[in-house]
Amino acid sequence: QVQRVEFGGGLVQAAGSLRLSCAAPGRTSSSNAMGWFRQPPGKEREFVAAISWSAGSTHYADSVKGRFTISRDNAKNTVYLQMNSLKPEDTAVYYCASRPYYSSDCAVYDYWGQGTQVTVSS
């Protein structure tokens, strides 16, 4: 599988902000949809947000709508996740992944990064 590299994780206080970056090696028809997923401690991986390289169409999990913003820079082959108003329950390892088109199901994504830890303290 093609490697993706996540940057920007760290420790932040509740109500704070953090921006994650996912550097992709290249954009192809097999990776038009880029997604962010997270895995809280002891929990299953869950969908956070997704965006298409081509049209910039976005999708968000209900839990992050209004707080998180996904965006992409096609020239840099980079996808961002701007996280505002962070809550302790946002604490998780965050992963970026790609596949040909949008899905909220992590099981169908083909390429994954190694993940970056986000910890939100109260």
Side-chain angles (χ1 to χ4, degrees):
Q1 294 182 331
V2 178
Q3 182 68 283
R4 274 85 175 103
V5 180
E6 299 95 340
F7 300 94
L11 176 64
V12 65
Q13 292 183 327
S17 297
L18 208 59
R19 188 179 76 162
L20 305 183
S21 302
C22 176
R27 294 179 290 108
T28 69
S29 61
S30 296
S31 59
N32 187 48
M34 296 292 296
W36 283 100
F37 297 82
R38 67 187 184 186
Q39 187 164 10
K43 304 295 183 180
E44 297 296 322
R45 188 162 48 201
E46 64 185 30
F47 172 75
V48 176
I51 191 169
S52 67
W53 288 112
S54 56
S57 303
T58 59
H59 299 82
Y60 296 94
D62 289 341
S63 60
V64 305
K65 285 181 179 178
R67 299 189 298 121
F68 291 10
T69 302
I70 189 170
S71 62
R72 90 283 200 226
D73 187 330
N74 291 46
K76 296 181 178 180
N77 290 340
T78 301
V79 174
Y80 305 96
L81 184 67
Q82 178 66 47
M83 305 184 293
N84 298 326
S85 302
L86 283 163
K87 305 174 181 179
E89 50 263 45
D90 294 319
T91 295
V93 177
Y94 283 71
Y95 301 89
C96 67
S98 64
R99 70 183 309 274
Y101 51 88
Y102 166 76
S103 175
S104 62
D105 184 1
C106 65
V108 302
Y109 278 75
D110 302 307
Y111 308 116
W112 292 84
Q114 81 288 345
T116 185
Q117 177 70 49
V118 172
T119 302
V120 184
S121 61
S122 60

> Are V79 and V5 connected in the hydrophobic side-chain network, where two residues link if heavy atoms are under 4.5 Å apart?
Replying inline: no

> Do F68 and M34 share a hydrophobic cluster, counting only Ile, Leu, Val, Met, Phe, Trp and Tyr and linking them when any side-chain heavy atoms are less than 4.5 Å apart?
Replying inline: yes

>> Tell me the closest heavy-atom pair linking T91 and P41, and the distance in Å.
In response: O-CD, 3.7 Å

> Got more than 12 heavy atoms from elsewhere within 6.0 Å of CD, Q13?
Replying inline: no

>> I need the minimum non-hydrogen distance between S21 and T78, along with the two atoms involved.
In response: CB-CG2, 4.2 Å

> Checking Y109 side chain against A33 main chain: does a donor-acceptor pair fall under 3.5 Å?
Replying inline: no

> Is there a donor-acceptor contact under 3.5 Å from the side chain of Y60 to the main chain of I70?
Replying inline: yes

> What heavy-atom pair brings S122 and A14 nearest, and what distance separates the two atoms?
Replying inline: CA-CB, 4.2 Å

>> Side chains of Q117 and L11, heavy atoms from C-beta outward: is any pair under 4.5 Å?
In response: no

> Step by step, would you call S52 with Y102 a side-chain contact (heavy atoms from CB on, under 4.5 Å)?
Replying inline: CA-CA 7 Å; S52 67; Y102 166 76; over 6 Å; no

> Salt bridge between K65 and D62, side-chain N to carboxylate O under 4.0 Å?
Replying inline: yes

> If Ile, Leu, Val, Met, Phe, Trp and Tyr residues are connected whenever their side-chain heavy atoms lie under 4.5 Å apart, and connections chain through other members, are Y94 and F37 in the same group?
Replying inline: no

> Within a strict 4.5 Å, meaning less than it, do heavy atoms of the M83 and V118 side chains meet?
Replying inline: yes

> Are side-chain heavy atoms of Q82 and S17 found at a separation under 4.5 Å?
Replying inline: yes

> Does some side-chain heavy atom of N32 sit less than 4.5 Å from a side-chain heavy atom of P100?
Replying inline: no

>> Quick check: do R99 and V108 have side-chain heavy atoms less than 4.5 Å from each other?
In response: yes

>> Just verifying a value: how many Å separate E6 CD and C96 SG, rounded to the nearest 0.5 Å?
In response: 4.0 Å

> Would L81 and Y95 show up in the same hydrophobic cluster when neighbours are defined by side-chain heavy atoms closer than 4.5 Å?
Replying inline: no

> Transitively linked via ILVMFWY side-chain contacts under 4.5 Å: Y80 with V64?
Replying inline: no

> F7 and A23: which non-hydrogen atoms are nearest, and at how many Å?
Replying inline: CE1-CB, 4.1 Å

> Is W53 close to S98 at the side-chain level, that is, under 4.5 Å between some pair of heavy atoms?
Replying inline: no

> What heavy-atom pair brings A92 and R38 nearest, and what distance separates the two atoms?
Replying inline: CB-CB, 3.7 Å

